[in-house]
Peer 1: 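Sharing a structure here in structure tokens format.
In the text below, chain A, chain B and the rest are named by the order of the sequence lines, each starting its count at 1.
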There are 2 protein chains.
Amino acid sequence: MSYSIGEVANITGITISTLRYYDREGMFPNMERSNGGIRMFSDTEIETLQIIECLKTSGLSIKDIKQFLNWCQEGDDSLQKRRDMFYERLEVVEKQMEELQKTMNTIKFKCWYYDTALAAGTEETPKNMPVEEIPEEIRKYRYKCD
Amino acid sequence: MSYSIGEVANITGITISTLRYYDREGMFPNMERSNGGIRMFSDTEIETLQIIECLKTSGLSIKDIKQFLNWCQEGDDSLQKRRDMFYERLEVVEKQMEELQKTMNTIKFKCWYYDTALAAGTEETPKNMPVEEIPEEIRKYRYKCD
DNA sequence: CTAGAACCTGAAGTTAGGTTTAGGTCAAGA
DNA sequence: TCTTGACCTAAACCTAACTTCAGGTTCTAG
């Protein structure tokens with residue numbers, strides 16, 4: 001089963017020009033073409049795209065993702081490198097989750113802050129509120145600034 | 001109490017050139033200068049930097065962050081806008097956390113995959129392993145690609 | 001056979017978010 | 001007073017990751 005670039009764009013939500021850009025960068029080393037030169041994406045390329053998305057989210061650059069995909073072409077000799085890369089990603093993503101959680105807490109504090117301000121009609125109300133009156137869960141995320 | 005740009009760089013980990021860039025972009029509308037023209041950061045600016053970091057992590061651009069800081073200057077008239085912005089951020093960050101969790105799961109699968117491959121000396125081992133033998137927690141995150 | 005939708009290429013353009021450079025000025029200690 | 005490390009500006013530069021453009025080819029439905 002094979003897909004045209006337009007179909008892949010629909011399936012994955014990645015634009016056609018991005019798919020062509022990835023191809024230009026060598027992300028699909030085994031992709032076939034029709035006689036007329038039209039790209040034929042297979043399930044392999046769809047799976048590669050899922051890994052690309054995963055690695056991109058984990059903070060890897062296109063260049064480094066390409067490096068990984070090259071290792072995949074090399075076979076078992078590169079197993080150690082590939083393993084190490086994923087363990088490194090694991091740590092990075094753990095850090096990202098922690099940071100995102102802190103961000104979330106700050107945002108929740110701000111939501112409370114502005115709800116309180118709007119209810120009172122003025123920002124002075126939450127700004128001057130004694131700490132004990134701030135809901136416990138968000139108390140410690142208080143910043144003085146607006 | 002006020003801080004030089006170098007001190008702020010040390011405190012926050014943000015480079016001096018980035019701090020000057022933020023200033024150029026108007027992120028510190030109330031920052032004072034010494035007679036000689038040297039920036040004097042106060043606690044207000046430090047707090048603004050914390051909010052900038054928070055909003056940046058939540059996916060807002062510098063331009064939009066500046067927009068928010070402008071609203072803060074406007075006083076209570078902009079309370080609703082600011083509230084809405086934070087509720088929007090709340091949703092965005094929730095989506096980000098979900099995506100990061102999926103990414104994490106995929107990476108954990110890959111860690112298992114490569115550990116198994118390395119133990120066996122070949123990728124064929126995890127690749128051909130029947131689903132029942134894959135640890136339960138990660139089973140569903142399996143991708144066929146390397 | 002033909003129209004038009006979908007595809008192709010190489011090259012240039014875009015955007016965000018900084019960083020670097022060049023040429024100065026400021027401020028605190030010896 | 002002098003030095004020297006920290007600071008200043010404007011403007012040019014940089015990079016990643018795409019996107020757009022111009023001009024041409026392929027494929028498919030009627």
Side-chain angles (χ1 to χ4, degrees), chain A residues 1-28 31-42 45-46 48-70 89 92 96 99 103, chain B residues 1-29 31-42 45-46 48-69 89 92 96 99 103:
Chain A
M1 186 53 190
S2 96
Y3 315 89
S4 74
I5 196 167
E7 287 168 331
V8 175
N10 280 337
I11 294 167
T12 63
I14 300 170
T15 69
I16 290 179
S17 64
T18 300
L19 290 169
R20 289 208 264 252
Y21 163 69
Y22 287 168
D23 189 25
R24 225 166 31 245
E25 294 295 303
M27 314 293 261
F28 312 118
M31 188 164 57
E32 312 244 315
R33 299 271 187 142
S34 75
N35 284 345
I38 290 189
R39 289 177 184 83
M40 294 159 63
F41 290 76
S42 72
E45 278 74 42
I46 303 280
T48 300
L49 281 169
Q50 291 174 317
I51 292 297
I52 290 172
E53 293 287 273
C54 165
L55 293 177
K56 222 161 52 113
T57 300
S58 87
L60 231 47
S61 70
I62 296 296
K63 220 175 108 192
D64 288 343
I65 294 171
K66 201 205 152 170
Q67 165 79 291
F68 166 73
L69 294 171
N70 284 346
R89 287 304 102 194
V92 169
Q96 285 179 192
E99 203 195 341
T103 296
Chain B
M1 186 51 190
S2 95
Y3 314 89
S4 74
I5 197 167
E7 287 168 332
V8 175
N10 279 339
I11 294 166
T12 63
I14 301 170
T15 68
I16 289 179
S17 64
T18 301
L19 290 169
R20 289 209 264 249
Y21 164 68
Y22 286 168
D23 189 26
R24 227 168 26 246
E25 294 295 302
M27 314 293 261
F28 312 118
M31 189 165 56
E32 313 244 316
R33 299 271 188 143
S34 75
N35 283 346
I38 289 188
R39 289 177 185 83
M40 294 160 61
F41 290 76
S42 72
E45 278 73 42
I46 304 280
T48 300
L49 281 169
Q50 292 173 318
I51 291 297
I52 291 173
E53 294 287 272
C54 165
L55 292 177
K56 221 161 51 114
T57 301
S58 87
L60 229 48
S61 69
I62 295 297
K63 221 175 109 191
D64 289 343
I65 295 171
K66 201 206 153 171
Q67 166 79 289
F68 165 73
L69 294 172
R89 287 302 101 196
V92 169
Q96 284 178 195
E99 204 196 338
T103 296

Peer 1: Does R20(B) have a side-chain nitrogen or oxygen under 4.0 Å from the phosphate oxygens OP1 or OP2 of dG17(C)?
Peer 2: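 R20(B) to dG17(C) OP1/OP2: no side-chain N or O under 4.0 Å.
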Peer 1: Counting heavy atoms from C-beta on, name the nucleotide in dC27(D), dT9(D), dG18(C) closest to the side chain of Y21(B).
Peer 2: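 Of the options given, the side chain of Y21(B) lies nearest dG18(C).
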Peer 1: Have E45(A) and T48(A) got a donor and an acceptor in their side chains that come within less than 3.5 Å?
Peer 2: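 No.
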Peer 1: What nucleotide, of dT9(C), dT19(C), dC26(C), holds the atom closest to the side chain of R33(A)?
Peer 2: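 Among the listed nucleotides, the one closest to the side chain of R33(A) is dT9(C).
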Peer 1: Thinking salt bridges, do D64(A) and R89(A) make one under a 4.0 Å N-O criterion?
Peer 2: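 Between R89(A) and D64(A) there is no salt bridge, as every charged N stays at least 4.0 Å from the carboxylate O atoms.
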Peer 1: Distance check: side-chain N/O of R39(A) vs OP1/OP2 of dC7(C), anything under 4.0 Å?
Peer 2: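 Indeed not, no polar side-chain atom of R39(A) lies that close.
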Peer 1: State whether K66(B) places a side-chain N or O below 4.0 Å from either non-bridging phosphate oxygen (OP1 or OP2) of dG17(C).
Peer 2: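 Answer no for this pair, as no side-chain N or O of K66(B) is under 4.0 Å from OP1 or OP2.
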Peer 1: S4(A) side chain N/O closer than 4.0 Å to the phosphate oxygens (OP1, OP2) of dC7(C)?
Peer 2: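 For dC7(C), OP1/OP2 do have a side-chain N/O of S4(A) under 4.0 Å.
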Peer 1: Does dG18(C) have its OP1 or OP2 closer than 4.0 Å to a side-chain nitrogen or oxygen of T15(B)?
Peer 2: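 So the side-chain polar atoms of T15(B) never come under 4.0 Å of the phosphate oxygens OP1 or OP2 of dG18(C).
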Peer 1: For a quick test of reading the model: is some side-chain N or O of S34(B) closer than 4.0 Å to OP1 or OP2 of dA27(C)?
Peer 2: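 True: S34(B) side-chain N/O within range (under 4.0 Å) of dA27(C) OP1/OP2.
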Peer 1: Using a heavy-atom cut-off of under 4.0 Å over every strand shown, decide if S17(B) touches base, sugar-phosphate, or nothing.
Peer 2: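 Base: the residue S17(B), judged by heavy atoms under 4.0 Å, touches a nucleobase.
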Peer 1: Does T18(B) place a side-chain N or O at less than 4.0 Å from the phosphate oxygens OP1/OP2 of dT19(C)?
Peer 2: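 Yes.
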Peer 1: Can you check whether Y22(A) has a side-chain N or O nearer than 4.0 Å to OP1 or OP2 of dC18(D)?
Peer 2: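 For Y22(A), the contact criterion (side-chain N or O under 4.0 Å from OP1 or OP2 of dC18(D)) is met.
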